[in-house]
There are 2 protein chains.
Amino acid sequence: MGITERKEREKEIRRESIIDAAQKVFFEKGLFAATMDEIAEAAELSKGTLYLYYRSKEDLYLTVMMRGLEILRVQMERTVRRNEPAVQRMLDLTEMYTRFFDDHRNYFRMFHFFNTPQFHKQVSDDVMRTCDRNNRSLWELMIGVIRSGMDEGTVRTDLDPMEVALIMWSSATTLLMRIDNQYDLFRAKLNIDLHNTLRMSNLMLLESALTDAGREELHAAVHH
Amino acid sequence: MGITERKEREKEIRRESIIDAAQKVFFEKGLFAATMDEIAEAAELSKGTLYLYYRSKEDLYLTVMMRGLEILRVQMERTVRRNEPAVQRMLDLTEMYTRFFDDHRNYFRMFHFFNTPQFHKQVSDDVMRTCDRNNRSLWELMIGVIRSGMDEGTVRTDLDPMEVALIMWSSATTLLMRIDNQYDLFRAKLNIDLHNTLRMSNLMLLESALTDAGREELHAAVHH
DNA sequence: GCAATGAATGACTGTAAGTCAGCAACGGAC
DNA sequence: GTCCGTTGCTGACTTACAGTCATTCATTGC
């Protein structure tokens, strides 16, 4: 029965090509300005067909977003796996996130959708779960590094690793979002370089999460 | 000519009553689920009339939001004006924000709109400017406290006051938003109390922005 | 060939933001 | 009191878009 298998493959290819088209349109216009008719046009399919493969516009959007999440996960994994002290790897993670922001701005922008649960209504449970799972694995990676820092004696053990990850990641995300939207405005009107603000914020939070030994390592690493 | 004056007054009253109606509907349903027909119904006016007073749904939304911004400004002003050391007032500000979140959750939710510039397209320049101005005055208040901390020798002078304000305010806002959306989820699945995470984050950032003298004051104030 | 299966279509429905031609009520002139 | 101009209000209409479904078309197995 090679035929059903071929059909399966073709279906999968179609699913992907729809996502390619959706990505193109979402990158250009964002979730709200993009229309299903445009995506259908870009995919060279009729609108009805899109709905045979995806349940809603939001499902399509999240599926595109997950490509970005996957890229981020891979880069994070690479950073975390390095054979370095935890403090160095935490620093590397902050740098990695900024680099991801620079290299994959369009995907980064899509992440914002996730922080706005009002829009989650149209999302099918299935897609939502996949998203959550991917998201979770990012947290696990960060928590792992923080834990190893605690073992090394460079990270305070009176803190919850998840809390530390949450605080640092949230802070960085918010500032990156601001860089995306308002970098020029802050530079012109307030003479603030938000990239510097971000580095500052990362260092401040990192410092307060470290032990004295950790802080020494940090300063050595930053000055090197 | 008392008549034109009376008419002005009546117009102003109508403007306000439209905002009352809009507030009711937006609080219940949020920006997207709320419809102009519902707001018209609640205001006991026709939809067309709403557009005589406000240019778009988003204008209405932001005008409601500014009521919240004004409440926040007043409370912040009260906190800032107190005759206390800067460190204490910075602590008070973080507490004040959490209290605002508890007491005026609906307004707080509306602030999220501001962080999502994709929606700003329908907003008239006029309303946007008013919003910006109000927003700006919040920053001024925070910056004032940080500056006075620098004068007192409790806040590091190598930092930019605006940057410190930005970092602390953004961090608190993000975590409060998460508390709003995912408090129960974090509690159940990860055994994290996000209120505690928020306190932690506030303390960590505050600590790293203070001088040694400032940190002593902080610890005295926290243990009081 | 020919029926059966299923993939793809696009006209259609429903909904909601925003518009505008017309109506009504009020005030001032005489 | 009557008329007319001005102002405020209306709701049916236009437009736009997400999502649906009866129909068409192509492929496969007999």
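Labels below follow one simple rule: chain letters A, B, ... track the order of the sequence lines, proteins then strands, and each chain is numbered from 1. What's counted below: heavy atoms across the whole structure, side chains too, no hydrogens, waters or symmetry copies.
- Using a cut-off of 4.0 Å between Lys/Arg side-chain N and Asp/Glu carboxylate O, A:E70 and A:R73 are scored as salt-bridged.
- For B:D37, the side-chain hydrogen bond (donor to acceptor under 3.5 Å, both in side chains) test picks out no residue, with sequence neighbours left out.
- Look at A:E41 and A:K47 and you find no salt bridge, because none of the NZ, NE, NH1 or NH2 atoms lies under 4.0 Å from a carboxylate O.
- In this structure, A:R105 forms no cation-pi arrangement with A:F27, as its terminal cationic atom is not both closer than 6.0 Å to the ring centre and no more than 45° off the ring axis.
- Here the P atom of nucleotide C:dA25 and the CD atom of B:E10 are 15 Å apart, to the nearest Å.
- B:E163 and A:T197 share a donor-acceptor pair across their side chains, judged by distance under 3.5 Å alone.
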Return a table of donor-acceptor pairs under 3.5 angstrom between the side chains of residues 58-68 of chain B and protein atoms on other chains or two or more places apart.
unit_1	atom_1	unit_2	atom_2	d
B:D59	OD1	B:S124	N	2.8
B:D59	OD1	B:S124	OG	3.4
B:D59	OD2	B:S124	OG	2.7
B:T63	OG1	B:D59	O	2.6
B:R67	NH1	B:D20	OD1	3.2
B:R67	NH1	B:Q23	OE1	2.9
B:R67	NH2	B:E16	OE1	3.1
B:R67	NH2	B:D20	OD1	2.9

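- Note on B:L52: a base of the nucleic acid sits closer than 4.0 angstrom, heavy atoms only.
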Kindly give the atom pairs (protein nitrogen or oxygen, nucleotide nitrogen or oxygen) under 3.5 Å for nucleotides 17-20 of chain C.
unit_1	atom_1	unit_2	atom_2	d
C:dA17	OP1	B:A34	O	3.3
C:dA17	OP1	B:K57	NZ	3.0
C:dA17	OP2	B:M36	N	2.9
C:dA17	N7	B:K47	NZ	3.0
C:dG18	OP2	B:Y51	OH	2.8
C:dG18	OP2	B:K57	N	3.1
C:dG18	N7	B:K47	NZ	2.9
C:dG18	O6	B:K47	NZ	2.8

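- For A:F100, the ring pair (Phe, Tyr, Trp, His ring centres under 6.0 Å) partners two or more places apart in sequence, or in a different chain, are A:H104, A:F111.
- Protein atom CG of A:L45 is 17 Å distant from nucleotide atom P of D:dG19, rounded to whole Å.
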Quick one: side chains of residues 134-148 of chain A, donor-acceptor pairs under 3.5 Å with protein atoms, not counting sequence neighbours, listed by atom name and distance.
unit_1	atom_1	unit_2	atom_2	d
A:S137	OG	A:N134	O	2.9
A:S148	OG	A:R89	NH2	2.9
A:S148	OG	A:V145	O	2.8

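- Judged by the 6.0 Å distance and 45° axis criteria, B:R109 is not positioned over the aromatic ring of B:Y107.
- The side chain of A:K11 sits closest to C:dA7 out of C:dT9, D:dT10, C:dA7.
- Rounded to a whole Å, the CD atom of B:E41 is 12 Å from the P atom of D:dT10.
- Among the heavy atoms of the strands lying under 4.0 Å from A:Y53 are primed sugar atoms or P, OP1, OP2 only; no base atom is included.
- Between the CZ atom of B:R15 and the P atom of D:dC9 there is a distance of 13 Å, rounded to whole Å.
- Atom CG of A:L60 and atom C1' of D:dC17 are 15 Å apart (whole Å).
- Atom P of nucleotide D:dA18 and atom CG of A:D59 are separated by 14 Å, given to the nearest angstrom.
- Near DNA chain D, meaning a heavy atom under 4.0 Å from it, residues 19-28 of chain A has no residue at all.
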